[in-house]
Amino acid sequence: MISRLLVANRGEIARRVFATCRALGVETVAVHSDADAAAPFVAEADQAVRLPGNTPAETYLRVDLILDAARRSGADAVHPGYGFLAENAEFAAAVTDAGLTWVGPPAKVIAAMGDKLAAKALLAEAGVPMLPSWTDIDEVTDFPVLVKASAGGGGRGMRIVRAADDLAEAVASARREAAAAFGDGTVFIERYVERGRHVEVQIFGDAHGRVVAVGDRECSIQRRHQKVVEEAPAVVADRVRAALHEAAVAAGRAVDYLGAGTVEFLLAPGGEFFFLEMNTRLQVEHPVTELCTGLDLVGWQLLVAEGEPLPAAVPASTGHAIEVRLCAEDAAAGWRPVTGTLHRFAVGEVATEFGGLAGPGLRLDSGVVAGSVVGVHYDSMLAKVIAWGRTRAEATRLLASALARAELHGVTTNRDLLVRVLRSPAFAAVEIDTGFLDRHGEVFAPLLPADRLPITALAAALAAAARRRATAPVLAGLPSGWRNVPAVSQFTRFVGPDGEEMEIRYRLDRTGQLAEWSSTLPAEDAAERPATPTVALVEATPDRVVLDVDGVRRAYRVHRAGSAVFVDGPDGAASLTELPRLPLPEAAVAAGSLLAPLPGVVTRVHVQVGQRVTAGDPLLTVEAMKLEHPVLAPIDGVVTELPVPTGGQVRTGAVLAVVDDRVAPGDPEPSNSEEDPR
């Protein structure tokens, strides 16, 4: 029996495993980096052991430190979670060799499935259908193809290539990203199926030779080859489902599978399917299977690790569950991951965290809470929000509504994208595949319509005025905005969500009612500005403003953190920055400067000082939060400064390059060199 379990992971999955351990009476041990010292999962563990450092390589990827933590804490078992060392055969072997119980498949199974090329060959012999693949780029003649990392998943090291001329660079880039993410830069090339769907089967195996399928999942809506929306069960014909389960069980039996695993398939439009990979761990999206089957899959993992047989019957799936991955990402910056402090993190109507549901409702699996700091060292996922309903439509509506009303303050997220996807007609009609987001650009629009931003900013301005009055009791006996000269308006200036500056002007009469108001947007927006709606003030406090807008009463929740103002209203949410009325002079950067969007490392410099470039040309590549981020020339011009060399560390806002658009005759032609000239 397992008595004390160490989770060799962090964030949401560590909290998820701890929840099951508490229910089963198993003591828990967390390991944590310095950056995670104040994280919720550390506080929830019975014991915690520090891993000195911040980066994964210094901490969560150190087998020796984790085994030492197990010894020091008296743990008798190790759960790897997912990511980091979860699919590392050497780690699994080291845990077993140390006399500890390993909660996962044996090292030999992880090794067999971890090498995707070897896994494809092995499972092809077992009759699992495969896509054609290559390791030599000279052998590839049919396009499009997909370059994939052999040693990992999660979209790391994946590139779609549609032309032969682009293959060599895609392979080189995939190798670099795979090496950074998994420590192994081996990649291979596979035929790419247009309009394919990503469907997977949850399997479990026990030490008594039994392998079973525990439902299936649809994970087709992806961005950067990473899953965004997942649901169970997959919407497929019964005959296809039966064939998928049969192939998944065959794959498990071929390697004597033990524990939880996921067999992933690519489903072609005609119903034909092909093996993609086997993940030898619990998946991020496992909650949708739990909600549809009523099972605790982490509990099953512990059961199998203790040598017990699986239950005789596997519950059938009922109802429908949908999960979204809520991530710290900035749409305006090309969906780059972002960092910052979560001043408020509130998803309403949540019925349970990390557990099952008694009926239709919401589940939240989160690695963060209000006050958490989202740093640069780890993945950008904040939480998974999951809904279960009696039907797919019911689950969709419930989840979209909860997300739209969630208060997510301090860090830009992909919330609006998730709501747009769930509410799209194509999603409702199950017209989905891995190219869904490429075809439906409309889902990237913010929820808050542009013509509603001024009203939202007005609510922020009125809340700010109420806050100032609340902190100055001497004003309590005077009507708000009282003036000897009532014609003079009050004003507040903000920077809006897209960086635009706007001014809200308003005047309250002697009874405190809103007499007039107006908004000033940048000049280029003036021609498109709709007519100013008629607004009456119903209520204004520092935290809540109620307005009557053209005869419709609307309530706005307002939260302030320093100069940042977060407004949640019926039309959507907005993050505003209130500007000072008398701003201090600031140091200026040179015109044409490209600034680092987040902390990271410059991994490549593609140009040299004095080189002429065209808008869109790659200048540098910055690696941050486990992804490569190209820095492109915004204009035609000449590179005049490159202050950061290859390997240089940069902070947010650091100048990466300067491009001068004053191109004189005789300037050198652009170079195609990929080498760092310094």
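Counting heavy atoms of neighbouring residues, nucleotides and ligands inside a 6.0 Å radius, atom CZ of Arg176 exceeds 12 of them. Around the CZ atom of Arg22, the shell of radius 6.0 Å holds more than 12 heavy atoms that belong to other residues, nucleotides or ligands. Counted within 6.0 Å of CD on Glu306, heavy atoms from surrounding residues, nucleotides or ligands total more than 12; the atom is thus considered enclosed. Other residues, nucleotides and ligands contribute more than 12 heavy atoms inside 6.0 Å of the CG atom of Asp64. Sparse packing is recorded around CE of Met1, with 12 or fewer heavy atoms of other residues, nucleotides or ligands lying under 6.0 Å away.
Interatomic distance, CD of Gln222 versus CG of Asp438, reported as 10.5 Å (0.5 Å rounding). Once rounded to the nearest 0.5 Å, the distance linking CG of Asp365 with CD1 of Ile386 reads 4.5 Å. Note: Ile13 CD1 to Phe18 CZ = 10.0 Å, rounded to the nearest 0.5 Å. Considering CG of Leu122 and CG of Leu117, their distance stands at 12.5 Å, rounded to 0.5 Å. To the nearest 0.5 angstrom, Met278 atom CE is 10.5 Å from Glu87 atom CD. Rounded to the nearest 0.5 angstrom, Leu244 CG and Phe265 CZ are separated by 6.0 Å.
Considering every non-hydrogen atom in both Ala178 and Gly185, the closest pair reads CB-CA, 4.2 Å. Between Leu357 and Ala351, the shortest heavy-atom contact is CD2-CB, 3.5 Å. Between Val128 and Phe275, the closest heavy-atom pair is CG1-CB, 3.6 Å. For Leu362 against Ala387, the heavy-atom pair with the smallest separation is CD2-CB, 3.7 Å. Between Leu382 and Ser366, the shortest heavy-atom distance links the atoms O-OG, 3.6 Å. Taking all atoms of both residues into account, the shortest heavy-atom contact from Met130 to Ala124 is CE-N, 3.6 Å.
At a threshold of 4.5 Å between non-hydrogen side-chain atoms, the residues Glu58 and Ser33 do not count as touching. You'll find the side chain of Val255 reaches within 4.5 Å of the side chain of Met113, heavy atoms only. Side-chain contact between Phe436 and Val228 is absent, with no heavy atoms from C-beta onward closer than 4.5 Å. Between Leu417 and Trp335 there is a side-chain heavy-atom pair separated by less than 4.5 Å. Contact of the Leu258 side chain with the Val109 side chain is not registered, since no non-hydrogen atoms from C-beta on lie closer than 4.5 Å. For the pair Lys148 and Phe188, the minimum side-chain heavy-atom distance is below 4.5 Å. Proximity of Pro80 to Arg281: side-chain heavy atoms (C-beta onward) are nowhere separated by under 4.5 Å. Residues Leu310 and Val304 meet the side-chain proximity criterion, which asks for heavy atoms closer than 4.5 Å.
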Subject >> Derivation of the side chain to side chain contact (heavy atoms under 4.5 Å, CB included) call for Val284 and Met381 >> reply: CA-CA 10 Å; Val284 177; Met381 190 174 79; 4.0 Å; yes

Original post:
Step by step, would you call Lys120 with Phe274 a side chain to side chain contact (heavy atoms under 4.5 Å, CB included)?
Top reply: CA-CA 10 Å; Lys120 285 167 69 74; Phe274 308 93; over 6 Å; no

**OP:** Could you walk me through whether Ile189 and Glu139 pass side chain to side chain contact (heavy atoms under 4.5 Å, CB included), step by step?
**Re:** CA-CA 10 Å; Ile189 304 159; Glu139 295 178 355; over 6 Å; no

Subject >> CA sep, side-chain torsions, deciding dist, call: Val17, Thr28, side chain to side chain contact (heavy atoms under 4.5 Å, CB included) >> reply: CA-CA 9 Å; Val17 176; Thr28 57; over 6 Å; no

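One N or O on the side chain of Thr293 and one on the backbone of Thr289 form a donor-acceptor pair closer than 3.5 Å. Of the possible donor and acceptor atoms, none in the side chain of Asn414 sits under 3.5 Å from a partner among the backbone N and O of Glu329. Between the Glu323 side chain and the Val385 main chain, no donor and acceptor come within less than 3.5 Å of each other. A side-chain donor-acceptor contact under 3.5 Å links Glu394 to the backbone of Arg390. The backbone N or O of Arg217 lies less than 3.5 Å from no partner atom in the side chain of Glu200, so there is not a single donor-acceptor pair. A donor-acceptor contact shorter than 3.5 Å is absent between the side chain of Asn279 and the backbone of Thr262. Listed for the His208 side chain is a donor-acceptor partner under 3.5 Å among the backbone atoms of Gly307. Side-chain atoms of Arg363 never come within 3.5 Å of backbone atoms of Val288 as a donor-acceptor pair (strictly under, hydrogens ignored). The closest donor-acceptor contact from the side chain of Asn88 to the backbone of Glu90 lies under 3.5 Å. A donor-acceptor pair under 3.5 Å is absent between the side-chain atoms of Arg392 and the main chain of Ile322, judged by distance alone.
Between Lys116 and Glu190 no salt bridge is recorded (no basic side-chain N to carboxylate O distance below 4.0 Å). Salt bridge Arg191/Asp142: absent, no basic N to carboxylate O contact under 4.0 Å. Salt-bridge formation is detected for the pair Glu177/Arg159: a Lys NZ or Arg NE/NH1/NH2 atom is positioned less than 4.0 Å from an Asp or Glu carboxylate oxygen. By the 4.0 Å N-to-carboxylate-O rule, Lys227 lies close enough to Glu264 to be salt-bridged with it.
Checked against Tyr60 for a side chain to side chain donor-acceptor pair (under 3.5 Å), the options Asn9, Thr55, Asp36 give a single hit: Asp36. The only option from Arg325, Gln283, Lys384 that meets the side chain to side chain donor-acceptor pair (under 3.5 Å) definition with Glu230 turns out to be Arg325.
Note: Phe91 and Trp102 have perpendicular aromatic rings, judged against thresholds of 30 and 60 degrees for the angle between ring planes.
Looking only at atom types and distance, the side chain of Ser73 has no donor-acceptor partner in the side chain of Arg4 under 3.5 Å away. With no hydrogens or angles considered, a side-chain donor-acceptor pair links Arg16 and Thr20 at under 3.5 Å. Residues Glu231 and His320 have side chains that bring a donor and an acceptor to within less than 3.5 angstrom of each other.
Relative to the six-membered ring of Phe273, Arg197 misses at least one condition, a distance below 6.0 Å or an angle of at most 45° to the axis.
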